[in-house]
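Every number for a ligand or one of its atoms is a count from 1 in the order of the listing.
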Amino acid sequence: MIPIDDTPLCRDGKVLILAYDHGLEHGPVDFEGVPESADPRRIFEAATHPAVTSVAVQKGLAEAYYPSYEESVSLLAKLNGTSNLWMGEPDSSVNCSVEYAAELGASSVGFTIYGGSNNEIEMAEEFRDAQEAAREHDLPVVMWSYPRGQGLKNDTKPSTISYAARLALELGADVAKVKHPGSHSAMEDAVRMAGKTKVVMSGGSKRSDRAFLRSVKETIDAGGNGLAVGRNVWQRENPERILDALEAVIFEEATVDEALAAVE
Ligand code: FBP
């Protein structure tokens, strides 16, 4: 574990990652509601909002678009990822090395682990290589800790999310990105299990402003350190508005009502 509070991934010890690897993970279907969201420049522009501590993209987008934003945005290079065309047991190919991520200007790296998948062993070994290489470059490591696979019926039940958070601590991640387990106490338990590893909530599919902000607030109140979010920001017509509200909830201790009132 390395101290990450003074790295670009954090602001006041908190994290707000704007994730945009969906073109790979889910495919163009995610861009249908707001067709402009297929243009990566829209998301890099949104990432210049002061609430966003880093934008998470795959290597190709980093190569093609980050050079225009390196002064105003911090880059989290997602090292592995799979397309939705893959129909096998959950797995993720390593698409970028830590060395190349550093060359691209990344100030942190991200890696998915599907605990419980038949491919967990290989994925954990790949994570080991990435985590140790990241240490050589002083780059914080964010684990997308998503238990799933043929043995797991419910990937958001509290005990599974607590295990996901713990797995990140055990394997040496600085930040664990986990799904919301459904209640304040379950999130509190996940945070406890993660120990010194920071816990951030994974955004999930698009919801109403209030429902989404409520789960973010619950995460912060449970001791979580922020959010890694994609669709709930850039599938909105006005990403800046929800980022203003998120800034209030995550960094300014606002209630959901206060955050909503401020953006009305
Ligand atoms: P969202 O906020 O849109 O859920 O994005 C977070 C994220 O982890 C992305 O980085 C990733 O592409 C996606 O969710 C994966 O979601 P899932 O595997 O649950 O479909």
Counting from 1, what ligand 1 atoms have a heavy atom of Ala19 closer than 4.0 Å?
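Selected atoms, number and element: 10 (O).
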Looking at ligand 1, would Arg148 count as a contact under a 4.0 Å heavy-atom criterion?
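Distance cut 4.0 Å: Arg148 passes for ligand 1.
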Who's closest to atom 14 (O) of ligand 1 heavy-atom-wise, of Tyr114, Trp144, Tyr146?
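Going through Tyr114, Trp144, Tyr146 one by one, Tyr146 has the nearest heavy atom to atom 14 (O) of ligand 1.
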Side chain, backbone, both or neither: which applies to Lys179 and ligand 1 if a contact is any heavy-atom pair less than 4.0 Å apart?
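Just the side chain.
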Ionic contact status for Glu264 with Arg241, cut-off 4.0 Å:
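Looking at Glu264 together with Arg241, the answer is yes, because their closest N to O distance falls below 4.0 Å.
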Show me the pairs that pass side-chain hydrogen bond (donor to acceptor under 3.5 Å, both in side chains) and involve residues 99-113, at least two apart or across chains.
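Output for this query lists Glu63-Tyr100, Lys78-Thr112.
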Atoms in ligand 1 flagged as close to Arg231, the criterion being non-hydrogen separation under 4.0 Å:
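Selected atoms, number and element: 1 (P), 2 (O), 3 (O), 4 (O).
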For atom 7 (C) of ligand 1, what's the nearest protein heavy atom and its distance?
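The closest one turns out to be Lys177 NZ, 3.4 Å.
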Parallel, tilted or perpendicular: which one describes the rings of Phe31 and Trp234, with boundaries at 30° and 60°?
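Correct class here is tilted.
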Atoms of ligand 1 less than 4.0 Å from His22 heavy atoms?
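Listed by number with element, the hits are 1 (P), 3 (O), 5 (O), 9 (C), 12 (O).
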For atom 11 (C) of ligand 1, which candidate among Asp30, Val229, Asp21 holds the nearest heavy atom?
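Residue with the shortest heavy-atom distance to the ligand atom: Asp21.
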Say whether Lys78 and ligand 1 are in contact under the criterion: heavy-atom distance to a ligand atom below 4.0 Å.
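No, that is not the case, since the closest heavy atom of the residue is not under 4.0 Å from the ligand.
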For the residue pair Glu240 / His49, report whether a side-chain donor-acceptor contact shorter than 3.5 Å exists.
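Distance-only check fails for His49 and Glu240.
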Asp155 versus Thr160, side-chain donor and acceptor atoms under 3.5 Å:
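Absent: no donor and acceptor within the cut-off.
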Number the atoms of ligand 1 from 1 as they appear, then name those within less than 4.0 Å of a heavy atom of Glu25, with their elements.
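Those qualifying, in numeric order: 12 (O).
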Measure the distance from atom 15 (C) of ligand 1 to every protein heavy atom, then report the residue, atom name and distance (to 0.1 Å) of the closest one.
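Of every protein heavy atom, His26 NE2, 3.6 Å lies nearest to atom 15 (C) of ligand 1.
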Does the gap between the ring centers of Phe111 and Trp144 come in under 6.0 Å?
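No: the rings miss the under 6.0 Å criterion.
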Would you mind listing which atoms of ligand 1 come within a distance below 4.0 Å of any non-hydrogen atom of Gly204?
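Within the 4.0 Å cut-off of Gly204, ligand 1 contributes 1 (P), 2 (O), 3 (O), 4 (O).
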Which protein heavy atom lies closest to atom 2 (O) of ligand 1, and at what distance to 0.1 Å?
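Looking at atom 2 (O) of ligand 1, the protein heavy atom closest to it is Gly230 N, 2.8 Å.
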Looking only at the side chains, is there a donor atom on one of Thr219 and Asp221 sitting less than 3.5 Å from an acceptor on the other?
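The criterion, which ignores hydrogens and geometry beyond distance, is not satisfied for Asp221 and Thr219.
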Considering non-hydrogen atoms only, spot the tightest contact between Ala101 and Leu79 and give its length.
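Looking at all heavy atoms of both residues, the shortest contact is CB-CD2, 4.1 Å.
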In terms of side-chain heavy atoms, does Asn95 have a donor or acceptor partner in Ser93 at a distance below 3.5 Å?
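Ser93 and Asn95 do have a side-chain donor-acceptor pair below 3.5 Å.
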